[in-house]
Amino acid sequence: MPLKTIRLELARTAEHPEGSAEHGYEFTAPLTADGHLDLEEWRSQKAACTVRRFWRGEDEQSGHLVHRGKGWLFDYDADDTDDDEPIFRFDRHTLVEGEYISITEHDGEQHPFRVVSVR
């Protein structure tokens, strides 16, 4: 199954009422035909499932999409869990353009993101 590249951009927030294309994530993941994360396929390709976090005014970060316990997260340092960013109910989301996802960032704040592309 080919991997997909999914781009998430910050959705509307109090600080960014129009959302922001300068804040977000681009990650690689296997998706099922209906757009859900494919856990079994991820297990066979997890080294290729990378993430890039871009945030205006901050250095870009690179890491991996990880499945741990019952949930998914973005992990930037395998030896440190403080930088992990859990993704709320990621296994239930359909990753198609226009859908919304909530991610809890390093600082513990949860932000909404919109799926802007899947290619």
| field | Shortest non-hydrogen separation from C49 to A29 and the atoms involved | value | SG-CA, 4.2 Å

| Can you tell me if CG on D59 sees more than 12 non-hydrogen neighbours from other groups inside 6.0 Å? | no

| Taking everything shown except R12 itself, do over 12 heavy atoms lie less than 6.0 Å from its CZ? | no

| query | With the 4.5 Å side-chain cut-off for hydrophobic clustering, are L65 and V116 part of the same group? | reply | no

| Nearest atoms (heavy-atom pairs only) where R119 meets S117 | NH1-OG, 3.7 Å

| field | Which atom of L8 lies closest to which atom of F54, heavy atoms considered | value | O-CZ, 3.9 Å

| query | Checking side chain to side chain donor-acceptor pair (under 3.5 Å) against R43, which of E40, Q45, E41 comes through? | reply | E40

| request: Without swapping roles, check the side chain of H93 against the backbone of F88 for a donor-acceptor pair under 3.5 Å. | output: yes

| request: Apply side chain to side chain contact (heavy atoms under 4.5 Å, CB included) to I6 and E26, showing your working. | output: CA-CA 6 Å; I6 300 106; E26 195 163 272; over 6 Å; no

| said: I'd like to check E9 versus R7 (side-chain heavy atoms, cut-off strictly below 4.5 Å). Are they in contact? | reply: yes

| query | Do the side chains of L73 and L39 join up, straight or via other hydrophobic residues, at under 4.5 Å, putting them in one cluster? | reply | no

| field | Contacts of E105 that satisfy side-chain contact (heavy atoms from CB on, under 4.5 Å) - sequence neighbours left out | value | Y25, R53, W55, E85, D107, H111, F113

| message | To the closest 0.5 Å, what do you measure between CD (Q61) and CG (D75)? | response | 10.5 Å

| query | Hey, any chance Y100 and V51 share a hydrophobic cluster, counting ILVMFWY side chains that come within less than 4.5 Å of each other, even indirectly? | reply | no

| Shared hydrophobic cluster, I87 / Y76 (ILVMFWY, side-chain heavy atoms < 4.5 Å) | yes

| Which atom of A48 lies closest to which atom of L3, heavy atoms considered | CB-CD1, 3.6 Å

| query | Would D38 and L31 satisfy side chain to side chain contact (heavy atoms under 4.5 Å, CB included), going step by step from the backbone distance to the final call? | reply | CA-CA 5 Å; D38 186 331; L31 300 180; over 6 Å; no

| note | OG1 of T13 to CD of Q110, rounded to nearest 0.5 Å, is 13.0 Å

| Reported NE2-to-CH2 distance for the pair H64 and W42, which is rounded to 0.5 angstrom | 10.0 Å

| task | Could you tell me whether D91 and K70 make a salt bridge, using a distance below 4.0 angstrom between a side-chain N and a carboxylate O? | result | no

| Steps toward side chain to side chain contact (heavy atoms under 4.5 Å, CB included) verdict (I103, F74) | CA-CA 9 Å; I103 298 175; F74 293 141; 3.7 Å; yes

| Would you call R56-E58 a salt bridge at under 4.0 Å N-O? | no

| When the aromatic ring centroids of H23 and H16 are compared, is their separation below 6.0 Å? | yes

| said: Take a 6.0 Å sphere around CD of E60 and say whether it holds more than 12 heavy atoms from other residues, nucleotides or ligands. | reply: yes

| field | Aromatic ring pairing F90/F27, orientation class (parallel under 30°, perpendicular over 60°, tilted between) | value | tilted

| message | If we ignore hydrogens and angles and just use 3.5 Å, is the side chain of T94 paired with the main-chain N or O of V96 as donor and acceptor? | response | no

| query | Do any N or O atoms from the side chain of T32 and from the backbone of H36 form a donor-acceptor pair under 3.5 angstrom? | reply | yes

